[in-house]
Amino acid sequence: SDIGSQKERVVTKEEWLQKWEMGNIGFHKEQVHPLLQKYLDVLLNGRSGLRIFFPLCGKAVEIKWLADMGHSIVGVEVSEQAVKEFFSEHSLPYCEEPVPEISGAKMFQSTSGNISLYCCSIYDLSSSTVGKFDGVWDRGALVAVNPCDRQRYASLMISLMEKNSSYLLVTVSYDPNKHKGPPFYVPESEIQSLFG
């Protein structure tokens, strides 16, 4: 399948920050994603108290939804505005601290301790900084990553996963010649080659 003109497309950090500043965040949803509700059992696999990773989390409402079920949530988001809006919109008190291993990064943690959101580039993270995860909810991350960075992204995600981890991935299907992205079109064959 042809990914059209998207192959060369690069969205900069500044463009993402501007989307948040301008409120151009059509990708944000106010309700828990129906596919997460439908496949929650696949993610949890009968387990409780999981560490679940949210790549490129924005201010996803699913963070609090899963945290309220007793899971520990770690997210990463380049927009500090998005992270702060998450905490204020859910009336969650938090503390903010620098991340010594990552220059310029901050970590925002709920005072209850079960939600930690890193404000930095996802590529600055490693398992030595954030640990490993029992589950990943990738609702809009792989499709937002620049096509040239997909292999790097997939390798990072695999390195952050525990052996028996579950990875829930939502993609979008459309004619990539008619839309420049993001969200980018990721053919199923590429998902197979990235994640095996």
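Residue indices begin at 1 and follow the sequence shown. Computation of the quantities below employed the complete heavy-atom set of this structure, encompassing side-chain atoms and omitting hydrogens, waters and symmetry-equivalent molecules.
- Pairing each heavy atom of Val145 with each of Arg150, the nearest pair is CG1-N, 4.0 Å.
- When atom types are taken as modelled, the side chain of Tyr174 and the backbone of Tyr185 share a donor-acceptor pair closer than 3.5 angstrom.
- Ion pairing of Glu15 with Lys19 is absent here, as no side-chain N (NZ or NE/NH1/NH2) approaches a carboxylate O to less than 4.0 Å.
- Here the CD1 atom belonging to Ile73 is positioned 7.5 Å from the CG atom belonging to Asn114, to the nearest 0.5 angstrom.
- Using a 4.5 Å heavy-atom cutoff, the side chains of Leu35 and Leu168 are not in contact.
- Inter-residue side-chain proximity for Trp65 and His33 is flagged as unmet; no heavy-atom pair is nearer than 4.5 Å.
- A distance-only check finds a donor-acceptor pair linking the side chain of Arg47 to the backbone of Leu44 [under 3.5 Å].
- Annotation: side chain of Ser166 is not in contact with side chain of Val136 (no heavy-atom distance under 4.5 Å).
- Residues meeting the salt bridge (charged side-chain N to carboxylate O under 4.0 Å, His left out) test with Glu96, sequence neighbours left out: Lys106.
- A donor atom on one side chain and an acceptor atom on the other are found under 3.5 Å apart for Asp138 and Tyr153.
- No donor-acceptor pair under 3.5 Å is formed between the side chain of Lys180 and the backbone N or O of Asn177.
- Shown here for Pro55 and Ala141, the closest heavy-atom pair between the two residues is O-CB, 3.6 Å.
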Could you tabulate the donor-acceptor pairs under 3.5 Å formed by side-chain atoms of residues 116-125, not counting sequence neighbours?
residue: Ser116; atom: OG; partner: Gln109; partner atom: NE2; Å: 3.0
residue: Ser121; atom: OG; partner: Tyr123; partner atom: N; Å: 3.1

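- Defined by atom type and a distance below 3.5 Å, a donor-acceptor pair is present between the side-chain atoms of Glu85 and Gln81.
- Considering every non-hydrogen atom in both Val172 and Val143, the closest pair reads N-CG1, 4.1 Å.
- Here CG of Asp175 is found 4.5 Å from NZ of Lys178. Values are rounded to the nearest 0.5 Å.
- For the pair Thr111 and Phe87, the minimum side-chain heavy-atom distance is 4.5 Å or more.
- Residue Leu194 comes nearest to Ile158 through the heavy atom pair O-CD1, 3.8 Å, listed as atom of the first residue, atom of the second, then distance.
- A donor-acceptor pair under 3.5 Å is absent between the side-chain atoms of Arg51 and the main chain of His71, judged by distance alone.
- One finds the CD atom of Glu188 at 6.0 Å from the CD atom of Gln192 (value rounded to the nearest 0.5 Å).
- Hydrophobic cluster of Phe184: the remaining members, joined at side-chain heavy-atom separations below 4.5 Å, are Val11, Trp16, Leu17, Trp20, Ile25, Phe27, Val78, listed by chain and number.
- Judged purely by atom type and a 3.5 angstrom limit, His90 has no side-chain atom pairing as donor or acceptor with the backbone of Leu92.
- The side-chain heavy atoms of Lys64 and Glu62, taken from C-beta on, include no pair separated by under 4.5 Å.
- Under a 3.5 Å cut-off, the side chain of Asp134 and the backbone N or O of Leu50 do not form any donor-acceptor pair.
- Of all heavy-atom pairs spanning Ala82 and Glu77, the tightest one is CB-CG, 3.9 Å.
- Judged purely by atom type and a 3.5 angstrom limit, Lys132 has no side-chain atom pairing as donor or acceptor with the backbone of Ser127.
- Between Val76 and Phe54 the shortest side-chain heavy-atom distance does not fall below 4.5 Å.
- Proximity of Met157 to Phe195: side-chain heavy atoms (C-beta onward) are separated by under 4.5 Å at one or more points.
- Put simply, the side chain of Glu162 never gets that close to the backbone of Asn164: no donor and acceptor are under 3.5 Å apart.
- The shortest heavy-atom contact between Ala144 and Pro182 is CA-CB, 4.3 Å.
- You'll find the side chain of Val61 stays beyond 4.5 Å of the side chain of Gln31, heavy atoms only.
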